[in-house]
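Throughout, protein chains are lettered first and strands after them, A, B, ... in sequence-line order, and every chain is numbered starting at 1. The analysis underlying the following values was restricted to heavy atoms, covering all of them including side chains, and did not include hydrogens, waters or symmetry mates.
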2 protein chains.
Amino acid sequence: MSKPTVPSQLDTTILAETFRLLGDSTRLRILFFCLESPRSVGDIAASLDLSQSLVSHHLRLLRGARLVRGNRQAKQIFYELADKHVSDMLVDMAHHVCEESGEE
Amino acid sequence: MSKPTVPSQLDTTILAETFRLLGDSTRLRILFFCLESPRSVGDIAASLDLSQSLVSHHLRLLRGARLVRGNRQAKQIFYELADKHVSDMLVDMAHHVCEESGEE
DNA sequence: CATACATATGAACAAGTATCGATATGTTCG
DNA sequence: CGAACATATCGATACTTGTTCATATGTATG
């Protein structure tokens, strides 16, 4: 278990798919915005200054990859990160990038 | 420092750029291959069944983002991950994806 | 039921990019 | 220096994808 470093080609594909979804600043902003607390689609669009349609499109992709999850509350649907896994990952990566400078 | 969860829009862009580079299975395969030990371009191309040109292109991108680093040794150039930061990140993400199933 | 509101979907377009083939740069050795 | 090898760059192409506009689905309220 000390050397599972090289994933199979299949795993690599899956990993890449996840990374690809995270590799768009609009989607990242949505994710980080929903990281604090569940947010409705309209709230996301307004707060991040994005069209409602665009937000919905992105949420669809994020939902498909099980990165977010939404539950309906009357007319609105509130989205939040799918699980602690995902949120931890995001926070970790944010830290990685913040510490990026002054390495060696 | 307990709630740096939401990065600035600028940071988000930088983060996304990094993710975008990781969001390609060919590049990921190259990275994981170089994770074990430094590899020459030709070795990467042969082992991963990719054209030399393609490998070089991807290495250029990865180099530009300081994800890999190469040092020349006679005719060959051996590439390795830029620092422990990057390699840790990759390994972590690989684990995340492996544990992906059987969550709830 | 009809109206208003919130979200989702579909078509279409522009921009980005992964890949390939050919060629150039650079390095070693005779 | 010139030949051989390793890597990098350039041009072109096919494909993916982020975004917008218009419209559909779904949900609550008078």
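Considering every non-hydrogen atom in both L61(B) and R27(B), the closest pair reads CD1-NH1, 3.4 Å. Smallest separation of non-hydrogen atoms from V68(A) and R63(A): CG2-N, 3.7 Å.
Taking only distance into account, the side chain of S51(A) never meets the base of dC21(D) through a donor-acceptor pair shorter than 3.5 Å.
Here the range on DNA chain C touched by chain B, meaning any atom under 4.0 Å from one of its heavy atoms, is dT17(C) to dT28(C).
In this structure, H57(A) reaches the bases: a heavy-atom distance under 4.0 Å links it to at least one base atom across the strands shown. Here Y79(B) lies in heavy-atom contact (under 4.0 Å) with sugar-phosphate atoms only. At a threshold of 4.0 angstrom between heavy atoms, the contacts of L50(A) with the nucleic acid are absent.
In terms of position on DNA chain D, the residue among D43(B) and S25(A) whose nearest nucleotide sits closer to the 5' end is D43(B). Each of H58(B) and Q76(A) was matched to the nucleotide of DNA chain C holding its nearest heavy atom; the match closer to the 5' end belongs to Q76(A).
With sequence neighbours excluded, the residues satisfying ring pair (Phe, Tyr, Trp, His ring centres under 6.0 Å) with F19(A) are F19(B). The salt bridge (Lys or Arg N to Asp or Glu O under 4.0 Å) check on R39(A) picks up E36(A), with sequence neighbours excluded. Residues passing the side-chain contact (heavy atoms from CB on, under 4.5 Å) test with R72(A), sequence neighbours excluded: I77(A). Applying the salt bridge (Lys or Arg N to Asp or Glu O under 4.0 Å) criterion to D88(A), with sequence neighbours excluded, gives K84(A).
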Q.
Please encode protein proximity along nucleotides 24-30 of chain D as a string of B, S and -, counting only heavy-atom distances under 4.0 Å.
A. --SSS--
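The CG-C1' distance, from D24(B) to dC15(D), rounds to 13 Å in whole Å.
T26(A) has a side-chain polar atom (N or O) that falls below the 4.0 Å cut-off from OP1 or OP2 of dT19(D).
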